Amino acid sequence: MKTFKLKMLFVLPNNLEQKEIKLLDGLIINKEDDYYPNQWLIEAFVSKDYTTYFEKIMNIEELLLKVKISKTDNEPVLFKSKIIGINEIGENINVLFKGNLEKKK
């Protein structure tokens, strides 16, 4: 597994407006799994103010995420993902996504 810092997150749910998520912190993990070689875990640590938004889109099977990894000046990459958990941590929440990196065309 390889772990990277999540620097930017935009959520692009089906037929809904792209939403920038203001991160307090975040990680992105390349699982490097033999069965699912392109699978990643994305953890966004955000304000509790986002709880309703994430609960609203939690059941969407295929969310498109646009993220920047490691540095804010890196090019964004796209993931097809699904929310697999929302957890309260003190005054904030973490949102866990599981997804696959989209190939560049």
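Note that this is a predicted model, so its numbers are computed, not measured. No hydrogens, no waters, no symmetry mates; every other heavy atom, side chains included, goes into these values.
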Lys66 vs Gln18, side chain to side chain contact (heavy atoms under 4.5 Å, CB included): CA-CA, chis, key distance, verdict: CA-CA 9 Å; Lys66 182 167 64 171; Gln18 171 178 294; 3.9 Å; yes
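- Interatomic distance, Leu24 CG to Ile89 CD1, rounded to the nearest 0.5 Å: 10.5 Å.
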Stepwise side chain to side chain contact (heavy atoms under 4.5 Å, CB included) check, Leu27 with Leu6: CA-CA 5 Å; Leu27 293 174; Leu6 182 64; 5.7 Å; no
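- Proximity of Lys31 to Lys2: side-chain heavy atoms (C-beta onward) are nowhere separated by under 4.5 Å.
- Taking CZ of Phe97 as the start and CG of Leu65 as the end, the distance is 5.0 Å to the nearest 0.5 Å.
- The closest side-chain heavy-atom distance from Ile84 to Leu41 is below 4.5 Å.
- Across all their heavy atoms, Ile93 and Phe54 have their closest contact at CD1-CD1, 4.4 Å.
- Of all heavy-atom pairs between Gly90 and Lys48, the closest is O-NZ, 3.2 Å.
- Looking only at side-chain heavy atoms (C-beta outward), Leu64 and Lys80 come within less than 4.5 Å of each other.
- Of the inter-residue distances, the one linking Asn94 atom CG with Ile86 atom CD1 reads 9.5 Å to the nearest 0.5 angstrom.
- Atom CD of Glu43 and atom CG of Asp25 lie 8.0 Å apart (nearest 0.5 Å).
- Checking side-chain atoms of Tyr50 against main-chain N and O of Asn92 turns up no donor-acceptor pair under 3.5 Å.
- Taking both residues in full, the closest heavy atoms of Leu23 and Lys7 are given as CD1-C, 3.8 Å, listed atom of the first, atom of the second, then distance.
- The pair Glu62-Lys82 does not meet the salt-bridge criterion, since no charged nitrogen lies less than 4.0 angstrom from a carboxylate oxygen.
- The number of heavy-atom neighbours closer than 6.0 Å to CD of Glu20, taken from other residues, nucleotides and ligands shown, is above 12.
- The closest side-chain heavy-atom distance from Leu101 to Trp40 is below 4.5 Å.
- The hydrophobic clustering, which links ILVMFWY residues whose side-chain heavy atoms are closer than 4.5 Å, places Ile42 and Ile60 together.
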Working for side chain to side chain contact (heavy atoms under 4.5 Å, CB included), residues Asn100 and Phe79: CA-CA 5 Å; Asn100 294 310; Phe79 288 88; 5.9 Å; no
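- Remark: Lys56 NZ is loosely packed, at most 12 non-hydrogen atoms of other residues, nucleotides or ligands lying under 6.0 Å away.
- Ile28 places none of its side-chain heavy atoms less than 4.5 Å from the side chain of Thr3.
- Between atom CD of residue Glu55 and atom CD1 of residue Ile83 there is a gap of 9.5 Å, rounded to the nearest 0.5 Å.
- With Phe10 as the aromatic partner, Lys19 does not meet the cation-pi criteria of under 6.0 angstrom to the ring centre and within 45 degrees of the ring axis.
- Between Lys22 and Ser47, the closest side-chain pair of non-hydrogen atoms is not below 4.5 Å.
- Nearest heavy atoms, Ile69 versus Val77: CD1-CG2, 3.9 Å.
- Distance check: Leu12 CG to Leu63 CG gives 9.0 Å after rounding to the nearest 0.5 Å.
- Nearest heavy atom pair, residue Pro76 against residue Met8, reads CB-CE, 4.2 Å.
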Ile21 and Val11: CA distance, side-chain angles, deciding distance, side chain to side chain contact (heavy atoms under 4.5 Å, CB included) verdict: CA-CA 7 Å; Ile21 306 300; Val11 178; 3.8 Å; yes
